[in-house]
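Heads up, the thing below is written out as structure tokens.
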Amino acid sequence: MLDGLREVPANAAPGCEDCLRDGRTWVNLLACLSCGHIGCCDSSPGQHAYHHARAHRAHHIARSLRPGEDWAWCYTDEVYLRPGPPA
């Protein structure tokens, strides 16, 4: 399930790609850990991260881009993911 996940690219979009295109705003941003797509959270009017995960079957994990937050969300299992303690 976690195979193929990657870090968000340094040249990622400066905001929700769909909201920027449509001239909308967002509450928080999530980055798809499969392809790097930047979408807005479920509290945002567009819910673009959710729609991206539903449209692309293997793109089910996205992480928060809000500074200071380290969680991710699995759209398949509907669970928060947090990093474990250092090994």
Side-chain angles (χ1 to χ4, degrees):
M1 180 169 158
L2 298 178
D3 292 340
L5 296 184
R6 61 186 183 148
E7 285 295 318
V8 179
N11 62 345
C16 174
E17 296 173 18
D18 300 297
C19 287
L20 288 169
R21 183 187 64 240
D22 298 339
R24 300 175 113 189
T25 60
W26 56 85
V27 175
N28 189 20
L29 297 171
L30 299 171
C32 174
L33 294 181
S34 293
C35 71
H37 175 270
I38 306 298
C40 56
C41 69
D42 288 358
S43 297
S44 300
Q47 299 178 341
H48 291 115
Y50 167 81
H51 293 295
H52 176 79
R54 292 293 174 236
H56 304 281
R57 187 178 193 123
H59 297 213
H60 54 269
I61 299 179
R63 78 169 183 92
S64 174
L65 293 181
R66 183 173 284 157
E69 292 186 354
D70 61 358
W71 59 268
W73 177 254
C74 176
Y75 285 98
T76 300
D77 297 322
E78 297 184 352
V79 295
Y80 281 100
L81 304 169
R82 293 190 160 266

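Hydrogens, waters and symmetry mates are skipped; everything else that's a heavy atom, side chains included, is used.
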For this session: Starting at CG of Leu81, measure out to CZ of Arg63 and round the result to the nearest 0.5 Å.
Result: 12.5 Å
For this session: Could you tell me whether the side chain of Asn28 reaches within less than 4.5 Å of the side chain of Cys40, counting heavy atoms only?
Result: no
Exercise. Can you check whether Thr25 reaches Cys16 side chain to side chain, under 4.5 Å on heavy atoms?
Worked result: no
Exercise. Can you name the one residue among Arg24, His51, His37 that meets side chain to side chain contact (heavy atoms under 4.5 Å, CB included) with Asp18?
Worked result: His37
For this session: Could you grab the distance from atom CZ of Arg57 to atom OG1 of Thr76, nearest 0.5 Å is fine?
Result: 8.5 Å
Problem set entry | Validation row: Ile38, Leu65 side chains within 4.5 angstrom (heavy atoms) | yes
Exercise. Just how far is it from atom CD1 of Ile61 to atom SG of Cys74, taken to the nearest 0.5 Å?
Worked result: 5.0 Å
Exercise. Any idea which heavy atoms bring Pro14 and Leu29 closest together, and the distance?
Worked result: O-CD1, 4.4 Å
For this session: Provide the closest heavy-atom pair for Leu20 versus Trp26 in the form atom of the first, atom of the second, distance.
Result: CD2-CH2, 3.8 Å
Problem set entry | Ala58 to Ser34 - nearest heavy-atom pair and separation | O-OG, 3.0 Å
Problem set entry | Heavy-atom closest pair, residues Gln47 and Asp42 | NE2-O, 2.9 Å
Exercise. If you count the non-hydrogen atoms of other residues, nucleotides and ligands that lie under 6.0 Å from OH in Tyr50, is the total more than 12?
Worked result: no
Problem set entry | Whether Ser64 side chain and Trp71 backbone form a donor-acceptor pair below 3.5 Å | no
Problem set entry | Derivation and outcome, side-chain contact (heavy atoms from CB on, under 4.5 Å), residues His59 and Cys35 | CA-CA 7 Å; His59 297 213; Cys35 71; 3.5 Å; yes
Exercise. Are the side chain of Arg66 and the backbone of Val27 linked by a donor-acceptor contact shorter than 3.5 Å?
Worked result: yes
Exercise. Would the His52 and His48 ring centres measure less than 6.0 Å apart?
Worked result: no
